[in-house]
Amino acid sequence: LVSKIMAPVTSDLLDHTTDDHGTWCEVVGRSMEVMSHLSGAQGETGAKLRHEISSCTEAIRTLSRILGCNKCKEEMRQRAIWILTRLYTDTIGISGSFEYSCCGEDFVRMLVNIFTQDNEYSSSIRGYAGEALSNICFLGGISDATLIIQTSGDVINSLTQVLLHEENETCRQASAEILECLCTHYTKDDEYLHKLKKAILKVIGKILCCGDGTHNGEDIESQCDGTQENNEPNKDAQGFQVETLSTMSSNLLSSLLCLCGTVYNTSSVIDLRPQLDASSFLNNLRDMVVKRSGPTVENLSVCKAAGNMVISMLKYYSGGFFKEDNFGSLIEVLSSASKKMLDLDYSMVCSS
Amino acid sequence: RTLLSLVREAKELHAMA
């Protein structure tokens, strides 16, 4: 039955010579719809179904083709991402058969290309690709991190540019999550790791130290770095404004703070010189905590991420970075927030 | 971990430094 369901995809019934892909397009779409349900099935049955689908080289090839085709409907391409990601992440833990079927690594490289090329793909497809990559990174290990980080083109720079300049929040969130997973899983002490951590701290510095909403991007760049790198896209010169902490969503903010904490937490092999202006960093964090100290799940998540980040930095610098008086003020507001959120916090700990 | 315990650890680390 599964092979019959997949037949329109396996046989690649799409007419690639026409813009609408011909009359069988609808049938291929429906076939993919059922395949996506099957590939998300639970338990042993789900594992067997995914094994059967991933063993079908022709089906995988058609799905990859749909993913890279600009003429295909967005819904079909999203579905192709979902099915291939589910197969890829599943076979990491179960059989590895996807690797042999034809395009395990190619699929991940394709996702990286889609996610980082904002002039070629729509932001919604890029958002899907980013979420898929984030999922793959989270569940994978050093091999996936290596694959992503060493994909042709300057992936690290592209990811940090998405985090800094992208308007689509799903993409920015995915970028923060991918960078965090790369920091956690990519443990080779080489130029990629050095570049990764340096680039992340630079972006964090731009967002967390300077985003007071009164400067355009150009001012912020010069305030933070003292220099403007020639190879960066010149979006800032066009008055692009770095998003302020107060307007950022709780999820994105939590991801950013977690990312910063992870950089310091996984830095045993690298000397991370302070690249943040301690005073404005602490003041911005304090203001952010004050605004988010009401007892809600989102606020609690942001404050915990901030707390974890501060602990990682205190350990890394042995307190050296936080000599300023501003630190006392930050701890005071965090302490006050922790008391306001105590009931919520305990109930969440118990329920988990 | 609770936020309260994170704040406590941060205070201790800062005091030790």
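Chain letters run A, B, ... following the sequence lines, proteins first, then strands; residues in each count from 1.
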inquiry  = At under 4.5 Å between heavy atoms, what parts of residues 341-352 of chain A are in contact with chain B? List them by residue number.
reply    = A:Leu342, A:Asp345, A:Tyr346, A:Val349
request  = Identify the residues of residues 298-307 of chain A whose heavy atoms come closer than 4.5 Å to a heavy atom of chain B, ordered by number, or report 'none'.
outcome  = A:Leu300, A:Cys303, A:Lys304
task = Would you indicate whether the side-chain heavy atoms of A:Ser335 and B:Lys11 approach each other to under 4.5 Å?
result = yes
Closest contact, heavy atoms only, B:Ala10 versus A:Ile331 = CB-CD1, 3.8 Å
ask   = Do you know the tightest heavy-atom contact between A:Ala337 and B:Leu3?
value = C-CD2, 4.2 Å
ask   = If you measure from NE2 on B:His14 to CD1 on A:Ile311, what distance do you get to the nearest 0.5 Å?
value = 13.0 Å
task = Inspect the contact between A:Lys315 and B:Glu9 and indicate whether a charged nitrogen and a carboxylate oxygen are less than 4.0 angstrom apart.
result = yes
